[in-house]
2 protein chains.
Amino acid sequence: MHAIERVLDFIVEIEKLKSVTRKTRPVGLERYENSAEHSWHVCLSALMLKDYADDPIDIDRVIRMLLIHDLGEIDAGDKIIYASETAEQKSREAAGVRRLLDLLPEGRGDEYFRLWEEFEEGATADARFARAVDRVPPLLHNLHGGGHSWRKHQVSKERVMDLNSRIALGSRALWEEMEKRLRGAAEDGLLK
Amino acid sequence: MHAIERVLDFIVEIEKLKSVTRKTRPVGLERYENSAEHSWHVCLSALMLKDYADDPIDIDRVIRMLLIHDLGEIDAGDKIIYASETAEQKSREAAGVRRLLDLLPEGRGDEYFRLWEEFEEGATADARFARAVDRVPPLLHNLHGGGHSWRKHQVSKERVMDLNSRIALGSRALWEEMEKRLRGAAEDGLLK
């Protein structure tokens with residue numbers, strides 16, 4: 001098989017991300033979001049928020065990271081952030097990413113697998129910022145959507161505050177703004 | 001309003017791209033594709049196809065271009081590639097992109113408006129490659145989906161070949177591969 005045929009096979013296979021359903025609804029929509037449109041949304045969000053990163057980042061690496069960050073869900077499915085991630089889920093996702101990247105011509109996928117791992121580990125400035133931005137849309141969905149996902153999954157105010165305060169690891173300004181909005185939601189009874 | 005609040009307003013507003021329906025169905029899905037998930041798909045496709053660009057390109061600029069290339073559809077809607085684009089449609093899209101980018105802090109949107117225009121004009125190497133990649137998924141959707149969109153919109157083989165041969169302006173190797181597949185589809189009676 002020619003190398004370009006393998007890339008096209010990859011392009012067809014990753015379409016499956018369009019059928020992975022997430023736990024929140026986009027603002028103004030009745031249906032749940034899928035992980036492909038979410039991936040677009042966080043990439044463009046990161047680009048527009050890049051000046052709020054606390055540490056120097058390479059925004060193009062951040063965007064590449066976010067383009068692939070959810071590929072593991074094609075084989076492993078989406079999990080709500082408020083559930084604790086098991087080692088099993090993590091290893092299913094890693095195997096799924098590996099399977100997809102192995103569709104590419106020999107060796108071409110290696111750098112992307114390392115980039116995916118970097119995002120998962122969240123230790124570098126790029127990964128911390130990418131992970132911070134990844135948290136923002138689901139919060140906006142809840143804030144603009146009557147807290148639908150918080151209610152449905154019975155997530156407490158403390159849990160929302162605790163988990164999302166990690167946004168501050170990538171951008172203190174972004175967490176400051178989101179925290180203000182979450183406090184407002186708590187005052188309005190949207191978040192309990 | 002603080003600058004970061006304006007960026008968050010932009011992030012909420014662009015979610016509307018998730019409800020713009022396109023003319024083809026992703027491989028394996030019964031529903032039509034939306035322009036947000038399509039945007040993700042072409043960004044990642046471009047990244048994996050970057051070595052097939054005929055001229056030197058800046059893949060990160062290409063990806064930024066593709067992240068925003070469909071934003072005009074939020075106000076103007078999606079049009080099938082096989083319909084001739086009117087000046088009115090084009091100017092509605094430009095006004096739509098302007099409106100969205102004006103949500104951003106003062107002056108921040110200007111470079112992205114120019115990038116959007118560059119994609120539309122298709123004159124630079126980056127834009128030619130971005131436009132070439134943008135053509136590929138709808139062809140794959142038809143090739144793997146019984147030619148559903150070609151049939152529905154009564155698009156002839158000649159029109160498909162003619163319009164998509166523009167892929168060669170960005171990547172001859174990519175067009176060569178797609179042309180081979182389209183000829184195969186014509187032989188199988190999928191494309192008439």
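Reminder, nothing fancy here: chain letters follow the sequence lines and each chain counts from 1.
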Check your understanding: Which heavy-atom pair separates Trp40(A) from Ser39(B) by the least distance, and what is that distance?
Key -> CD1-CB, 3.3 Å

**Study point:** Sidechain-backbone polar pair: Glu15(A) side chain, Pro26(B) backbone, donor-acceptor under 3.5 Å
**Key:** no

Study note, to complete from the structure: Ranking Arg181(B), Arg108(B), His2(B) by heavy-atom pairs under 4.5 Å to chain A gives rank one to Arg181(B)

Point to revise | Which portion of Leu67(B) sits near chain A, non-hydrogen atoms under 4.5 angstrom | key: both

Practice item. Check each atom of Ile14(A) against the heavy atoms of chain B and say whether the ones under 4.5 Å are side chain, backbone, both or neither. Key: both

Review point. Is the closest side-chain heavy-atom distance between Arg25(B) and Lys18(A) below 4.5 Å?
Key: no

Review point. Got a second to check how far His144(A)'s NE2 is from Leu8(B)'s CG, nearest 0.5 Å?
Key: 8.0 Å

Point to revise | Whether over 12 other heavy atoms sit under 6.0 Å from Lys180(B) NZ | key: yes

Check your understanding: Do other residues, nucleotides or ligands put more than 12 heavy atoms under 6.0 Å from Lys79(B) NZ?
Key -> yes

Point to revise | Arg172(A), CZ: over 12 other non-hydrogen atoms inside 6.0 angstrom | key: no

Practice item. Measure Leu44(B) against the heavy atoms of chain A and call it side chain, backbone, both or neither at under 4.5 Å. Key: both

Review point. Where does Glu33(A) contact chain B at under 4.5 Å (heavy atoms): side chain, backbone, both or neither?
Key: side chain

Review point. Nearest 0.5 Å, what's the CD1-CG distance between Ile63(B) and Leu47(A)?
Key: 11.0 Å

Practice item. Kindly say whether Ile11(A) contributes a backbone atom to a donor-acceptor pair with the side chain of His41(B) at under 3.5 angstrom? Key: yes

Practice item. Consider only side-chain heavy atoms of I, L, V, M, F, W and Y, link residues closer than 4.5 Å, and tell whether Tyr32(A) and Trp150(A) are in one cluster. Key: no

Practice item. Determine, using the 4.5 Å side-chain heavy-atom cutoff (strictly less than), whether Leu29(A) and Val42(A) are members of one ILVMFWY cluster. Key: no

Revision key, fill the gap. Residue from Arg64(A), Glu176(A), Arg31(A), Lys16(A) scoring the most non-hydrogen pairs under 4.5 Å with chain B is Arg64(A)

Point to revise | chain A contact via Leu139(B) - which portion, at a heavy-atom distance below 4.5 Å | key: neither

Review point. Taking atom OG of Ser171(B) and atom CD1 of Ile4(A), what is their separation to the nearest 0.5 Å?
Key: 5.5 Å

Revision key, fill the gap. If one checks every heavy atom of Leu143(A) against chain B at 4.5 Å, the contacting part turns out to be neither

Review point. Relative to chain B, which segment of Leu66(A) carries a heavy atom at a distance below 4.5 Å: side chain, backbone, both, or neither?
Key: neither

**Study point:** Region of Leu140(A) in contact with chain B, defined by heavy-atom distances below 4.5 Å
**Key:** side chain

Exercise for review: Determine whether Leu190(A) and Val27(A) fall in the same hydrophobic cluster, where Ile, Leu, Val, Met, Phe, Trp and Tyr are linked whenever their side-chain heavy atoms lie under 4.5 Å apart.
Suggested key: no

**Study point:** Closest heavy-atom pair and its distance - Val7(A), Tyr52(B)
**Key:** CG2-CE1, 4.3 Å

Practice item. Check the hydrophobic clustering (I, L, V, M, F, W, Y; side-chain heavy atoms under 4.5 Å; chains of links allowed) and say if Ile57(B) and Leu169(B) are grouped together. Key: no

Check your understanding: Could you state the interatomic distance from CZ (Phe10(B)) to CE (Met48(A)), rounded to the nearest 0.5 Å?
Key -> 4.0 Å

Review point. Hey, is CD on Glu106(A) packed in by over 12 heavy atoms from elsewhere, all under 6.0 Å?
Key: no

